[in-house]
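Working notes, structure below.
Keep in mind it's a predicted model, so treat the numbers as computed, not measured. Numbers here are sequence positions counted from 1. One-based numbering, in listed order, for ligands and for the atoms of each. Only this structure's heavy atoms are used, side chains among them; waters, hydrogens and symmetry mates stay out.
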Amino acid sequence: MKEMMRPMQLGGKEIIFGEGTLQHLSVIPAQRVTIVIGGSSVKKNGTLDAITAILKQRQVPWNLIEGIDDEPLWSQVCQGADLMHAFLPDLIVAVGGGSVMDGAKAMWVVYEHPELTELSQIVSAKPFPVLRTKARMCCIPTTSGTASEVSRSVVITDDESGMKQGIGNMEMMPDYAICDPVLTLSMPPHITASTGMDALTHAVEAYVSKRANIVADVLAEAAITMIVKWLPVAFENGDNMEARENMLVASMIAGMSFTNVSLGITHSFSHTLGGHFHLPHGLLNAIILPYVIDFNRQDPEAAKRYDKLAQLCSADDFAQLVRDLNQRLGIQARLHELIPDKERFDSLNRMMSDMTKADGCTKTNPIIPSVEAIGVLLEQMY
Ligand SMILES: [Fe+2]
């Protein structure tokens, strides 16, 4: 029997997008604001100044949590939550890529619930802890890919094992998403490429998900055609505002799609490989996606859907379209180009196959592969 549809949620309280929309921060209710950022780029490129200028004009006190890693650690989440406890914000503003937004969302959970002292407590919490008794969350993406600003999920790395834990619950849907393409202009080409391919992977995996529905399909189709058209332009000319704006919106609507219908084994592989080899999430997705498309074509319904996507993009074969796009973006065709130690890769095959099989995204892949089939796929993509 077909699984009953799950209720959809396309965003939090408000989403706003387009050039100059950062100014919307001037009207979001706030008494005290904690700003969460990653590295120094938002300081250097003036984004942080623009945000603090708005808060200063409102006479809203703020504090800053900085240095969130590319792969936010649970210990960083706890440190951030401690700083929030000391400052008591009623609005958290996360400014950065997916890691910063994910880290801030996780800090928010611990800030609201200081009794949660272990990552495993959040992973297994049932029901999920109620948020918004202390603060609301505003996400301002500076990359066009993860869509954490409209997603219910976070990925946090366990300090001891180094493994990534995905946690998903609609409670973590940010209340406000501000998608201002001006903030993405300074993204270097290789980040534009990898984050853009993450967004494409979200839309493609949502489109063939076992939970796919008509509304998620419409969003995914739009995101895919926009990304195929605009990602090469944004990659080749980072100053092109039209390309930046289309990529940020495409990433957001891909997020609205996948956060409701989930993903597939491209993400399962990339979570596993990212945990072991610490390579960028979007880059791994980009390399893995065409292999997964070819594998999933064994399912006739999925094959039909990939063909529909190819047709929408005026291509013959969708996997080939992804390979061509990767080549244009300077992305490797196989994993061995990033992971030269073949012996280590081979020795981890069984363990990585088990982890990929157990990943939460595998459940909604059009085909549930055996551990053996996953092992063969790993060899192929290497
Ligand atoms: Fe992703």
Side-chain angles (χ1 to χ4, degrees), residues 38 69-72 94 96-103 105-106 139 141-157 163-168 172-174 177 179 184 187 190-209 211-212 216 219-220 223-224 226-227 231 247-248 250-293 296 322 325-326 329 331 335 355-356 359-365 381:
D69 278 347
D70 283 346
E71 294 166 355
S99 308
V100 173
M101 293 189 279
D102 281 12
K105 283 158 78 174
C139 281
T142 60
T143 62
S144 300
T146 64
S148 192
E149 72 277 11
V150 289
S151 93
R152 65 192 172 96
S153 42
V154 300
V155 178
I156 302 297
T157 301
M163 287 296 137
K164 295 183 174 194
Q165 278 282 4
I167 310 163
M172 286 189 288
M173 175 69 85
C179 300
T184 68
M187 223 191 322
H190 72 284
I191 309 264
T192 301
S194 60
T195 54
M197 288 306 289
D198 186 27
L200 181 71
T201 307
H202 293 155
V204 174
E205 295 215 289
Y207 196 64
V208 298
S209 160
R211 283 192 206 138
L219 294 165
I224 290 161
M226 286 167 82
I227 294 165
L231 178 53
M247 278 308 299
L248 190 53
S251 162
M252 180 188 77
I253 60 179
M256 291 170 168
S257 186
F258 93 78
T259 210
N260 285 287
V261 301
S262 196
L263 296 162
I265 57 171
T266 310
H267 270 78
S268 308
F269 278 117
S270 113
H271 294 152
T272 301
L273 290 161
H276 279 96
F277 298 101
H278 305 284
L279 293 162
H281 172 72
L283 182 63
L284 286 169
N285 280 336
I287 297 170
I288 297 163
L289 182 61
Y291 295 94
V292 169
I293 293 173
N296 283 346
V322 176
L325 190 54
N326 278 341
L329 300 172
I331 290 175
L335 291 172
M355 286 180 70
T356 303
D359 191 277
C361 296
T362 301
K363 285 198 293 274
T364 41
N365 197 65
M381 52 185 83

>> Tell me which one of Asp359, Thr356, Asn285 satisfies side chain to side chain donor-acceptor pair (under 3.5 Å) with His271.
In response: Asp359
> Counting distance only, does the side-chain N/O of Thr259 pair as donor-acceptor with the main-chain N or O of Arg152 below 3.5 Å?
Replying inline: yes
I'd like to check [X] versus [Y] (side-chain heavy atoms, cut-off strictly below 4.5 Å). Are they in contact?
| X | Y | value |
| --- | --- | --- |
| Val155 | Gln165 | no |
| Ser148 | Pro141 | no |
| Ile293 | Val322 | yes |

> By residue and atom, what protein N/O/S atoms are less than 2.8 Å from the Fe ion (ligand 1)?
Replying inline: Asp198 OD1, His202 NE2, His267 NE2, His281 NE2
> Of all heavy-atom pairs between Ala203 and Ile224, which one has the smallest distance, and what is that distance?
Replying inline: CB-CG1, 3.5 Å
